[in-house]
Amino acid sequence: MADAAHPHVVLVGLSGTGKTSIGRLAAQALDMPFVDTDEAIEARTGRTVRDVFEHDGEPRFRAIEAEEIAEVLSAAAPTVVAAGGGAVVMAATRERLCATDTFCVWLTAEPAFLASRVATKPHRPLLDGDPVGTLGRLATERRPWFEEVADAIVSVQAALSTQPKPQAKARLADLVSDMVRMRKQRRSLDHVVLVGSMGAGKSTVGKIVASRLGYTYVDSDDEVERRTGRTAREIAKTDGLDALHQLELTVLLDALSSRSPSVIGSAASVVDDSVGRMALGMARQVVWLHADPEQLARRSAAGGSDHRPDVDPSLIQEREPLYRSVATSVVDVDDVDPNVVADKVLA
Ligand code: S3P
């Protein structure tokens, strides 16, 4: 029987995010059965998805899809399910996906990128005509529903746009499988992670949030210094930025795998690596403390910090979409009192 320790795994996300191929590979790796809901609907009705849409209309298709998902998730054997991109529009399905016996992974990418990937598939009548425009609209409409059901978020665009497709899909399937394994082992974890650029106030806010929750506070810079006897700035200078980022990633992974809940002020770099982004999906809450990049760059140029390496302003900009992709919430920090920022984090 599927339960919180052996959950069904449901991949949700818009068309073109690779739910079917990544799900199939993850199911193989996890030795679980696999169901693609579009394929199951076609097998059940003996008709194509396009035919159901065109002759019976979208509401009928949604009803069949919701029934199919309910049925698959009532199976005793924990199953990997690739859900159609619109499955989350049905409230009953969202409720089912939020149950504790279901681990739901939201695959994301920019609409224009997805549009470039969906051209050849015939089962997507909604995307006839103007795929970029439609995917943009659907992304906005469905975002709150994906957010509502997702236990973890995987941004697929970087892998799919930089690596040959088979390798990228295998890598993403590995990430999903790892997430499921971590979830099984560590299902009681309750960490709150603060992400964002250097100087956004993660330490100050993190300490306030931790003391209000009665959690331990883990600060990446302090932890780096405790482990090596050197500041982040010194490590960057002597060993290079890559070595520092690797160490910062290890600090995050260790903090996340501790069994007592903590508030973690993570290093700005942890979102650069897909392993870091994957691991963040395991936290209860990932809050992006968002500061205006220009203000941050000015502050850093005007003196910066003696324990952190200098920051490259273009890197701050480049990381913004990565922070957005991992964050469960975003709090603006410019000219806001840290106590008020902490209130917002806790809200
Ligand atoms: C749909 C997505 C499709 C398919 C149908 C409707 C949607 O599945 O269910 O065309 O509403 O987004 P994929 O997500 O597999 O493309």
Side-chain angles (χ1 to χ4, degrees), residues 8-27 33-73 79-94 96-97 102 104-150 152-157 160 165 168-169 172-173 176:
H8 296 294
V9 177
V10 183
L11 303 187
V12 297
L14 292 178
S15 292
T17 45
K19 299 177 298 281
T20 305
S21 36
I22 294 168
R24 207 183 293 280
L25 290 168
F34 172 73
V35 173
D36 174 87
T37 60
D38 287 329
E39 288 172 7
I41 290 167
E42 295 194 340
R44 172 199 279 244
T45 60
R47 300 163 64 191
T48 63
V49 167
R50 177 174 289 276
D51 186 60
V52 178
F53 256 85
E54 286 177 355
H55 292 99
D56 302 357
E58 182 171 346
R60 177 73 194 128
F61 176 78
R62 294 293 168 220
I64 300 174
E65 186 178 46
E67 246 173 68
E68 186 60 50
I69 292 175
E71 198 171 305
V72 175
L73 296 181
T79 301
V80 177
V81 182
V88 292
V89 307
M90 299 295 273
T93 300
R94 295 200 299 278
R96 183 65 191 84
L97 295 182
T102 303
C104 192
V105 183
W106 175 21
L107 305 185
T108 66
E110 297 295 321
F113 173 72
L114 295 177
S116 70
R117 291 174 36 82
V118 295
T120 54
K121 297 278 162 52
H123 73 286
R124 294 165 176 149
L126 290 179
L127 302 183
D128 290 347
D130 174 21
V132 183
T134 306
L135 283 162
R137 178 176 57 76
L138 294 178
T140 310
E141 251 171 51
R142 294 176 181 173
R143 166 173 271 276
W145 296 327
F146 288 130
E147 282 173 351
E148 182 184 331
V149 299
I153 305 174
V154 172
S155 167
V156 297
Q157 188 160 339
L160 289 172
K165 266 190 205 158
K169 286 179 178 172
L172 289 163
V176 171

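Every number for a ligand or one of its atoms is a count from 1 in the order of the listing. Residues: numbered from 1 along the sequence shown. Values in this document were obtained by computation on a predicted structure and should not be read as measured data.
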**Asked** With side chains defined as the heavy atoms from C-beta onward, is the minimum distance between V49 and F61 less than 4.5 Å?
**Response** yes
**Asked** Does the side chain of D130 reach to within under 4.5 Å of the side chain of V132, using non-hydrogen atoms?
**Response** yes
Tell me which protein heavy atom sits closest to [atom], plus the residue, atom name and distance to 0.1 Å.
| atom | answer |
| --- | --- |
| atom 12 (O) of ligand 1 | R142 NH1, 2.7 Å |
| atom 1 (C) of ligand 1 | G86 N, 4.0 Å |
| atom 10 (O) of ligand 1 | H123 O, 2.7 Å |
| atom 13 (P) of ligand 1 | S15 OG, 3.5 Å |
| atom 9 (O) of ligand 1 | D38 OD1, 2.7 Å |

[X] heavy atoms, cut-off 4.0 Å: which ligand 1 atoms fall inside?
| X | result |
| --- | --- |
| G84 | 8 (O), 9 (O), 14 (O) |
| P125 | 10 (O) |
| L126 | 7 (C), 11 (O) |
| F61 | 9 (O) |

**Asked** Do any N/O atoms on G85 end up under 3.5 angstrom from N/O atoms on ligand 1?
**Response** yes
**ligand 1 contacted by E58 (non-hydrogen, < 4.0 Å)** = no
**Request:** Take the angle between the ring planes of W106 and F146 and call it parallel below 30°, perpendicular above 60°, tilted in between.
**Result:** parallel
**Request:** Identify, with sequence neighbours excluded, every residue that meets side-chain hydrogen bond (donor to acceptor under 3.5 Å, both in side chains) alongside E110.
**Result:** none
**Test applied, salt bridge (Lys or Arg N to Asp or Glu O under 4.0 Å); reference residue, R44; option that passes from E67, E39, E65** = E67
**Asked** Roughly how far, to the nearest 0.5 Å, is the OG atom of S21 from the CG atom of L160?
**Response** 8.0 Å
**Message:** Once rounded to the nearest 0.5 Å, what's the spacing between atom CG of D56 and atom CG of D51?
**Reply:** 7.5 Å
**Message:** Counting only heavy atoms closer than 4.0 Å, does ligand 1 sit against the backbone of V118, its side chain, both, or neither?
**Reply:** neither
**Complete:** Going by the 4.0 angstrom heavy-atom rule, the piece of R62 near ligand 1 is side chain
**Prompt:** What residue pairs, at least two apart or across chains, pass side chain to side chain donor-acceptor pair (under 3.5 Å) with a residue in residues 135-144?
**Reply:** R137-E141, R143-E147
**Complete:** With V149 as partner, the option from L97, T102, T93, V105 fulfilling side-chain contact (heavy atoms from CB on, under 4.5 Å) is L97
